[in-house]
Peer 1: 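I am attaching a structure below and will ask some questions about it afterwards.
Everything numeric in this text was worked out from a predicted model, so none of it was measured. Every heavy atom of this structure was used, including side-chain atoms; hydrogens, water molecules and symmetry mates were not.
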Amino acid sequence: MKITEITIRHLQMELKAPFTTSFGTFTTRDFLLLEAKDESGTVGWGESVAFHSPWYNEETLKTNWHMLEDYLIPLILHKEINHPDEVNKLFETIRKNNMAKSTIEGAIWDIYAQQTNQSLAAALGGTKDKIEVGISIGIQKSIDDLVALVDGYVKEGYKRIKVKIKPGWDIDVMRTLRENFPDVAIMADANSAYRLEDAALLKQLDAFNLTMVEQPLASDDIIDHATLQKQMDTPICLDESIHSLEDARKAIELGSTKIINIKIGRVGGLTEAKRIHDYCEAKGIPVWCGGMLESGIGRAHNVALTTLSNFTLPGDTAGSSRYWEKDIIEPEVIVNDGYIEVPQTAGIGYEVNRDTVESYTVDKKIYK
Ligand code: OSB
Ligand code: MG
């Protein structure tokens, strides 16, 4: 294929309910959508998971647009590409900016899957026809509010409940949840809110039989996490610290992580995500697919990735209706009793509703 035209849109979508983590609250999701067209007219879609502000990592919507416009798109346009695995090679001269790279790479995987007449899941080597999903719940006003929310999601069938924690909203919260839901798979995500000095406090989490604790320490750390893991029974899962297969290898060798949260954007695309998956599988490290409050397009990519065999733990890919009044794909991503059925049609497997995309678009530019 040769990409002949790329459109970047900035979309703004109101979340149904604010989402609060240890680093801030989101009420609106601002993100970039990328539409790529090849010489035969096949269209592929990619979503940038970068946020409006650099809270989660250093990338933002604007840095992604800059990287795409000034560096990445010129490296892709009119080049012969036989397989999406070649995209990383074309981006070789550009360091990091993984979320920006992943935005194009995702669209090229979509085109490749369509042209080889298979679902994106099949193109990636996925084997499952349905995937198990969990849900990630932000910090609430009160523990009672949280218990009521969790109760609803457990009744809906979500297979695992993840709760955000931060200093002051941690031990009592997890104790109350465990008391109210003795048999539910529960985990905590700190988004780097603690330091190694907090080890004694974090160790108290061991009493609640959590599936894992996600990224308790600094967002760039793999050393202190290894020290902490030696002191804790609860498995540590790294999110923010893992940007590549090399990061995963080092963290596993050091004993910093027993489980890895794979986010396609954070690791620079589906090809690298798959490599990390394969490496973890060989090492006996289970993985799961994280979420970044994606619209239906990013969500569809997450669903496809999760069909790979070592995604043995439920991911954060909740249904569209959990986030949006109206998603930009049809049908929307639907969760039934904790499962999403994987679409079998070619490409990402969902139709993009262009009218809905336009209605959320606040800025747009075409490159050829
Ligand atoms: O750490 O996994 C995270 C949302 C925004 C930024 C980081 C994270 C999250 C979530 C929500 O946990 C996952 C989702 O529902 O998409
Ligand atoms: Mg996380």
Side-chain angles (χ1 to χ4, degrees), residues 13 15-17 19 29 31 44-47 49 102 106 109-110 113-114 118-137 149-150 152-162 184-187 189 211 214 237 239 259-265 270 273-274 277 286-353 356:
M13 287 171 74
L15 282 161
K16 270 188 178 173
F19 189 86
R29 187 68 167 104
F31 62 96
W45 293 88
E47 176 169 341
V49 297
S102 172
W109 268 103
D110 182 14
Q114 291 174 62
Q118 53 185 337
S119 66
L120 179 57
L124 289 165
T127 48
K128 303 172 204 163
D129 52 19
K130 59 179 186 175
I131 59 162
E132 275 192 318
V133 288
I135 193 158
S136 171
I137 305 176
L149 263 182
V150 170
Y153 290 133
V154 168
K155 286 184 175 138
E156 274 184 53
Y158 280 101
K159 302 286 181 199
R160 177 275 276 146
I161 301 292
K162 163 168 141 184
V184 172
I186 301 174
M187 61 175 285
D189 183 2
T211 314
E214 185 179 344
C237 168
D239 171 353
I259 298 169
I260 290 182
N261 165 341
I262 298 183
K263 287 181 180 168
I264 303 165
L270 283 163
K274 188 171 152 55
H277 163 275
V287 303
W288 55 280
C289 185
M292 292 286 278
L293 311 174
E294 288 94 343
S295 83
I297 289 172
R299 200 162 296 280
H301 285 85
N302 288 343
V303 169
L305 179 67
T306 306
T307 63
L308 299 182
S309 54
N310 193 40
F311 281 85
T312 51
L313 293 160
D316 276 346
T317 308
S320 300
S321 67
R322 186 268 148 114
Y323 308 86
W324 321 113
E325 284 302 337
K326 187 166 172 39
D327 204 341
I328 58 177
I329 53 162
E330 282 171 11
E332 299 201 337
V333 173
I334 292 167
V335 175
N336 220 325
D337 196 29
Y339 290 97
I340 293 172
E341 282 203 35
V342 180
Q344 302 299 321
T345 47
I348 62 171
Y350 300 87
E351 287 297 322
V352 176
N353 184 328
T356 313

Peer 1: For a 4.5 angstrom cut-off between non-hydrogen side-chain atoms, does Ile348 reach Trp109?
Peer 2: no
Peer 1: What pair of heavy atoms forms the shortest contact from Ser102 to Gly265, and how long is it?
Peer 2: OG-CA, 3.6 Å
Peer 1: Can you confirm whether Glu132 sits close enough to Tyr339 that some side-chain heavy atom of one is under 4.5 Å from a side-chain heavy atom of the other?
Peer 2: yes
Peer 1: Just so I know, are the side chains of Ile340 and Ile334 near enough to count as touching, which here means a heavy-atom distance under 4.5 Å?
Peer 2: no
Peer 1: Considering all heavy atoms of both residues, which atom of Arg29 and which atom of Met292 are nearest to each other, and what is their separation?
Peer 2: NH2-O, 2.9 Å
Peer 1: Hey, what do you get for CD1 (Ile262) to CD1 (Ile260), rounding to the nearest 0.5 Å?
Peer 2: 7.0 Å
Peer 1: Tell me every residue that passes ring pair (Phe, Tyr, Trp, His ring centres under 6.0 Å) with Phe31, counting only those two or more places apart in sequence or in another chain.
Peer 2: none
Peer 1: Taking side chain to side chain donor-acceptor pair (under 3.5 Å) as the definition, give me every residue that meets it alongside Ser119, ordered by chain and number, with sequence neighbours left out.
Peer 2: none
Peer 1: Could you tell me whether the side chain of Arg322 reaches within less than 4.5 Å of the side chain of Val333, counting heavy atoms only?
Peer 2: no
Peer 1: Side chains of Asn353 and Ile328: does their closest heavy-atom pair fall under 4.5 Å?
Peer 2: no
Peer 1: Kindly state each residue pair satisfying salt bridge (Lys or Arg N to Asp or Glu O under 4.0 Å) with at least one member in residues 335-352, sequence neighbours excluded.
Peer 2: none
Peer 1: How many angstroms lie between atom OG1 of Thr307 and atom CG of Asp129, to the nearest 0.5 angstrom?
Peer 2: 10.0 Å
Peer 1: Just verifying a value: how many Å separate Asn261 CG and Cys289 SG, rounded to the nearest 0.5 Å?
Peer 2: 7.5 Å
Peer 1: Are Val133 and Pro314 packed together at the side-chain level, in the sense that at least one heavy-atom pair is separated by less than 4.5 angstrom?
Peer 2: no
Peer 1: Among residues two or more places apart or on two chains, list those pairs meeting ring pair (Phe, Tyr, Trp, His ring centres under 6.0 Å) that have a residue in residues 290-309.
Peer 2: none
Peer 1: Okay, side chain of Gln118, backbone of Ala346: is any donor-acceptor separation there less than 3.5 Å?
Peer 2: no
Peer 1: Check for a donor-acceptor pair, side chain of Lys16 on one end and backbone N or O of Glu325 on the other, with a separation under 3.5 Å.
Peer 2: no
Peer 1: Quick one: does any side-chain atom of Thr211 pair with a main-chain N or O of Ala185 as donor and acceptor, under 3.5 Å?
Peer 2: no
Peer 1: Does any pair with a residue in residues 294-319 pass salt bridge (Lys or Arg N to Asp or Glu O under 4.0 Å), and if so which ones, sequence neighbours excluded?
Peer 2: Arg160-Asp316, Lys162-Asp316
Peer 1: Given side chains that start at C-beta, do those of Ile161 and Met187 come closer than 4.5 Å, heavy atoms only?
Peer 2: no
Peer 1: Measure the spacing between NE2 of His277 and OG of Ser309 and express it to the nearest 0.5 Å.
Peer 2: 4.0 Å
Peer 1: For residues Glu330 and Tyr350, determine if any side-chain heavy atom of one lies less than 4.5 Å from a side-chain heavy atom of the other.
Peer 2: no
Peer 1: To the nearest 0.5 angstrom, please state how far the CD1 atom of Ile131 sits from the CH2 atom of Trp288.
Peer 2: 13.0 Å
Peer 1: Determine whether Ile329 and Ile297 satisfy the following criterion, side-chain contact (heavy atoms from CB on, under 4.5 Å), listing intermediate values before the conclusion.
Peer 2: CA-CA 7 Å; Ile329 53 162; Ile297 289 172; 4.1 Å; yes
Peer 1: List in chain and number order the residues that pass side chain to side chain donor-acceptor pair (under 3.5 Å) with Gln114, two or more places apart in sequence or in another chain; answer none if no residue qualifies.
Peer 2: Asp110
Peer 1: Please check if any side-chain donor atom of Glu47 sits under 3.5 Å from a side-chain acceptor atom of Ser295, or the reverse.
Peer 2: yes
Peer 1: Once you round to the nearest 0.5 Å, how far does OG1 of Thr317 lie from CG of Leu305?
Peer 2: 8.5 Å
